[in-house]
Amino acid sequence: MTATTLMNPEPSSAPQALEAPEPANLLTVEGLRVSFPGEEGMVDAVRGVDFSVDAGEIVAVVGESGSGKTVSALSLLGLLPKQAKVEMDRGIIAGEDLTKARESALRAIRGRKVGVIFQDPLSSLNPVQRVGHQIAEAVTVQNGLRRSQARDRAVELLEQVGIPDPERRYRAYPHEFSGGMRQRAMIAMALVSEPSLLIADEPTTALDVTVQAQILDLIRRLQQELNMGVLLITHDLGVVAGTADRVVVMRRGEVVERGSTADILERPREQYTKDLLAAVPRLDEESHQTIRESDGGEILKVSDLRVDFGKVRRFRPEKSNLISAVNGVDLELGKSRTLGLVGESGCGKTTLGRAIIQLTRPTDGQVEIGGASLSGLSDKALRPLRTEFQIVFQDPQASLNPRFTVERILAEPLDMHDLVPGGPAEKRARIVELLELVGLGREHLKRRPHELSGGQRQRIGIARALAVEPELIVLDEAVSALDVSVQAEVLLLLQRLQEELGVAYLFIAHDLAVVRQISDEVAVMYLGRIVETGPVDKVYRAPSHPYTAALLSAVPVLSTERRRERIVLKGDPPSPGNIPPGCPFQNRCWLREKLGNPEICTTTRPDLTPAIDDMARSSACHFSGDVTASLPPESVPTADSSGATS
Amino acid sequence: MASFIFKRVLATVAVLFFASVIAFLLLRISPGDPARQVLGPQASAQAVEKLRDQMGVNDPLPKQYVDYMGDILQGDLGISWRTRIPVKDELTTRIPATLELGLYAIALSIILAIPLGVLAAGSRRWIDRSSRVFAVVGLGTPPFWLGLVLILVFFTWLAIAPPPFGRLSEGYLPPPHVTGLYTVDALLAGQINTFFNALAHLALPAITLGLPLAAYLSRIMRRSTADVFRLDFIRTARAKGASERRVMFRHAMPNAMLPVLTLSALYFGELLAGSLLVEAVFGWPGVGGYVSESVLAQDYAPVQGAILLGALTYCLLNLGADLLYGVVDPRIRTSKS
C-alpha cells in the first residue's frame, strides 16, 4: 500500500480517503469526440460522451460492436491509430489534464497511473519475447529498477495474479501459455506500478467461460486489494451484472443510458437498453423449442467416432504426438430436431462437427446420415451425398469468398449439384427465393460480402447451406461472432427455418444460454468425449456431471446479486495429449474433492451410461447421482430448487 | 532437432544427385566438340578423334556418368582441359573469393535495408519518399553499369579506391589459408594492413552487388514494419508507457526482421549467380569468371564441379536460414522440438 501512495504524486487521494468518505475521482471525461478519416471525410466514431470513474469502483461501458466503447476508452490514453482525431471538453485522469496533454504527457500516464488490459491476450503479447521479460520491461520503464530487481518484481507479480510456478513461467513464451494464463500475465503487466485506474477492454471475451470466471474473480480481488478504479469495456451484460457498480450503455458513439448496475439491469428506462436486455439469451429460461413429436427416425447416427491428429512413433515412443481430438463419440439426432454440442475451446467439438460431414476424415468409427453410411466413401462418392448435409461456419466474413457477389455465392451450390432445371431465369428465381427465406431480398443479389453487415453475411451463409435442401445442417459457432441483438434475430430465423423446412441442426457452441434456447437435446463435451447428454431442460435443471454443473455455474447471468456462490474450476482444461488415467476430469473436479477423493476416479474411466431413472439421459461420471445434491445452493442459476433427480 | 537436420541432409543429397545429372547432361547436349576446342581449328581429324578417346567422350553416356560420379565420390572433380589445373585446386581459391564478396554484399544490404525500412515506415514522409526513390533506382540499375560508374568515380576521378583487379594490391601476399576469406584470414594472422587492403578491394564490388538487394529488402522491411505496427502487442507496449524508440527497436523490429532474414537467405543464391558480371567488371578471381570461360571452351569438368558446389552452397545456406529463423522466432523452436 505504501508503494501506491509513494507513486501517486497528487497528495489528495490518500489523506482524503482517511477522513472523508467521498472517494477520489480518478477519471472524468466530458464531451469526448473521436473521428477517423473515411472515404468521404471524417467519420465520427464517438460523439460527445461523458463518463467518470472513482477510486474503488468498477464502471462498465457496454455496447454492441460499433458503439464506440473501446475507441472511447483507448482514446483517453492516446492508444488509437495515429489517424484518429480525439477532442474533449474536459478530461482528467488521476489529476492530469488530458485536454492539454501531449504525447509525452500521455506516455507518462500510461502504465504508471493507468494500466490497460486488452481483449486478445495472445496477440497483445509480443510473440518473440519471454513473458517474464515483457513484464520486467514494464517494471524497468516505470520504476527504472535494475535488471535483477525488475526480474524479482515480475516474478512477484506473476505470483500475485495466480500463475503457478512463477519462477519457471517467467521464462516461457506467450505461445506456451494457455489463454487464461496469458490474460493473467497481461494483468500482471498492467499492475506493475499499482495504477489507480485499470482499463479492461473486453478482458474475458476471448476466454472460455470457466476461465472467464477465474479472470473476473482476479480482477475483482485485485481491485479491492489495491483500491483501484476499473473501467470495464464489454459487450456481455452477464459480465456487467456480476462485476460492475455502475453502467454506461453506449450506442453508435453516444451514451444511451447510465446508472447503477441494478437500475440498468432491472429498471432500464431507454428502449434500446430494454431491447438489448431482452436479446440476451437467458440461461434460466426454458428452451424455445416447441415440444413436438419427432416424426420418427434418425437423420444422424454417430458411433464410436474417433479423430486422431499427429502420429505414433513406434521406435521412439517419447516422440509420439498422437492426440485424439475426438475420442469415441456416440451421438444420435432425430429428424428436424436440434442437438446442442457444448464445451470449452479445445474440447474437440468443432473437429467432431467437421468429422461428421467428412470435412475432416475420421480415424475410426461410423457416421450415418439419413441411413447412408459415410465411412470409407471416396471424395467422389461423397459429393452427391453432400446435398444431405451442410455446414455454416463461425466467421461469416472469412467463410464467404470476398470477390463473389451474393448471387454467385448462392448459385454455386445449385450449379454444382445441378439442382435447378431450366435457364438463368429459373435459377435467379430460386436464388431470390433463398434470399427471402433468410429474410433478405432481391436487392442483395449484386452485393459482395463486405457490403453486408455481420448478421446479413451469416444469413447468406445459412442460405448457401439451405440451397441444396439438406436434411442436416452443422452450425459451428454460427452465432458466436454476432452482437446479441443480431444473434437473437438469427436464432429466431434458424428456428423458423426448422419449423418450415424440417431441417435438423447440430448446433455447436460455447455459449450455454444460446444452446438452451435453441436445442432439444444437449451433449456436453470434454477432452474429446461426451460427458453428459440428455434433453436440454432436464440437463440444465439438474446436471448429472460435475463438469456440466461447473460450466453452468460459471456463466455470468443477468442478476445483480454479486456474490452468488460459484463453482470456479481450478486451472485450464488439460491438453488432449496428456489425459490422466481414470476419469479425464478428475484433476479439475469439485465433486471428487467433496466426496473425499474416491479411488475409483483415478483408476477407472467412467463410460457414458444412461441414468437409472431416465433412459433419455446419460452421464460419464461414477457419481452422477450425487451431482445435483452436492451443488452449493444457488451456484447453478438454472437448477431447480424444488427438487432435482435423486 | 537432430531429425530435422538429418532430413535436410538427405534432401541435400537428393538435390546434389539431380544437380549432377543436369550438369552432366546439359554440357553433353550442347553442340560443339571439346577436343576440337582444345586442339584448335588446325588439328587433324585423326588427332581430334584420338583426344576424344582419351577424354572419354566417345564412351556411351551412362558409362561416362558412372566414371564421372566415381571420380566425384573419391573427391576428384577432374582436370580442366583448358588450363590443365585440377578443378578442385581452382575452386578452393575461387569459391572463397566469390563467397567473401557475396557475404559482404549481403551484410551490407541487410545493414542498409533494416534501418532504412524501419525509418521509411515511421511518421516522417520525406524519409519514405527518399527510400522509395532509392529502391526504384537501386532495382532499376544494371549492376555492371553501377560497377563501372563506381570505378570511374572512386578509382579514376577520386583515386581513393584500389585498381579494379584482384583481391589484393600488388606487393601484398595472400594471408595464410584458413577459411579462404582474405579479410578473415588476415585478421587471424594479425596482418592488419592486408586486412584493410582486402577490405578496400572488396568495397566497390560489394556495394555494386549489395545495393540492388538493399533497395529490395528495404521495401520489404518497410512493409513488414508497417504490418507489425498494426499488431496488438505494439499497443500493449505503448500502454506500458514505453517510449516510441523502445516500441520500435524492442518490439517492432525483431518481429519485422523475420521476413527480411528469410528473403535475404533465399536471395543469397541469386546474388552469387549475379556476381558473374560484377566479377568480370572488377576482375575478381571468383567462380563466376571461371565458369563462364569454361562454358565457352566446352570444358566439362570445371562447369560440372561449379554447378555441384553451387547446389551444395545453396542447400547449406537454406539450412542455415532455417536454423537462424528458429533462433529468432521461439514459436518455431518449440514446434520443431
Side-chain angles (χ1 to χ4, degrees), chain A residues 70 73-74 77-82 103-104 106-131 133-143 171-176 182 185-186 189-190 192-193 195 198-199 201 206 313 316 319 321, chain B residues 1-7 114 120-125 127-128 224-262 323-337:
Chain A
T70 295
L74 297 187
L77 296 175
L79 288 176
L80 292 177
K82 286 209 175 74
E103 169 58 26
S104 59
L106 286 176
R107 195 203 306 152
I109 297 174
R110 295 198 290 252
R112 183 175 303 269
K113 295 182 173 171
V114 186
V116 193
I117 53 180
F118 299 100
Q119 171 167 0
D120 183 349
L122 178 57
S123 65
S124 296
L125 290 165
N126 187 338
V128 303
Q129 260 186 25
R130 295 178 199 280
V131 173
H133 288 176
Q134 298 187 48
I135 298 171
E137 182 191 28
V139 177
T140 319
V141 165
Q142 290 303 338
N143 306 348
R171 293 186 55 76
Y173 286 97
H175 68 274
E176 297 167 325
R182 284 183 206 127
M186 285 296 293
M189 208 180 290
V192 157
S193 50
L198 179 71
I199 294 181
D201 181 15
R313 300 274 188 92
R316 288 198 300 166
K319 286 270 185 179
N321 56 352
Chain B
M1 198 62 194
S3 83
F4 168 71
I5 295 177
F6 178 69
K7 274 182 205 155
I114 285 179
S123 52
R124 269 158 291 181
R125 280 280 174 82
I127 300 184
D128 188 25
S224 102
T225 307
D227 286 347
V228 169
F229 255 93
R230 267 190 285 274
L231 297 180
D232 288 348
F233 64 82
I234 295 296
R235 192 177 56 183
T236 307
R238 290 204 176 111
K240 281 181 206 176
S243 65
E244 273 312 290
R245 180 191 279 171
R246 183 178 264 277
V247 171
M248 172 70 83
F249 291 104
R250 290 286 176 83
H251 293 278
M253 221 172 78
N255 282 285
M257 267 164 51
L258 295 177
V260 172
L261 287 184
T262 326
L323 295 179
L324 187 64
Y325 216 80
V327 172
V328 182
D329 193 337
R331 285 167 295 184
I332 293 181
R333 226 178 296 156
T334 38
S335 68
K336 265 177 200 159
S337 64

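The figures here come from the full heavy-atom set of this structure, side chains too, leaving out hydrogens, waters and symmetry mates. Just so it is clear, the model here is predicted, and its values are computed rather than measured. Reminder, nothing fancy here: chain letters follow the sequence lines and each chain counts from 1.
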Inset, instruction - Can you measure from CZ (B:Arg235) to CG (A:Asp201) and round to the nearest 0.5 angstrom? - result: 6.5 Å
Inset, instruction - Could you tell me the separation between the CD atom of B:Glu244 and the CZ atom of A:Arg107, rounded to the nearest 0.5 Å? - result: 7.0 Å
Legend entry - Side-chain donor/acceptor of A:Arg110 to backbone N/O of B:Arg238, under 3.5 Å: yes
Inset, instruction - Kindly say whether A:Gln134 contributes a backbone atom to a donor-acceptor pair with the side chain of B:Lys240 at under 3.5 angstrom? - result: yes
Legend entry - Winner by heavy-atom pair count (cut-off under 4.5 Å) against chain A, out of B:Leu231, B:Ile234, B:Asn255: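 Among the listed options, the one with the most contacts to chain A is B:Asn255.
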Legend entry - Contact winner vs chain B - A:Gln142, A:Gln129, A:Glu137, heavy-atom pairs under 4.5 Å: A:Glu137
Legend entry - Among the listed options A:Ser123, A:Ala138, A:Gly111, the residue most often paired with chain B at heavy-atom distances under 4.5 Å: A:Ser123
Legend entry - B:Arg230 portion near chain A, given a 4.5 angstrom heavy-atom threshold: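 For B:Arg230, no heavy atom lies under 4.5 Å from chain A.
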Inset, instruction - Would you indicate whether B:Arg250, at its atom CZ, is surrounded by more than 12 heavy atoms from other residues, nucleotides or ligands within a distance under 6.0 Å? - result: no
Inset, instruction - Please state whether the side chain, the backbone, both or neither of A:Leu74 comes within less than 4.5 Å of a heavy atom of chain B. - result: side chain
Legend entry - Heavy-atom proximity to chain B below 4.5 Å, by part of A:Leu125: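 Backbone of A:Leu125 only, per the 4.5 Å heavy-atom cut-off to chain B.
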Legend entry - B:Thr236 vs A:Met186 side-chain heavy atoms within contact, under 4.5 Å: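 Yes, close enough: below the 4.5 Å cut-off.
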Legend entry - Closest non-hydrogen atom pair, B:Phe233 against A:Pro127: CE2-CD, 3.5 Å
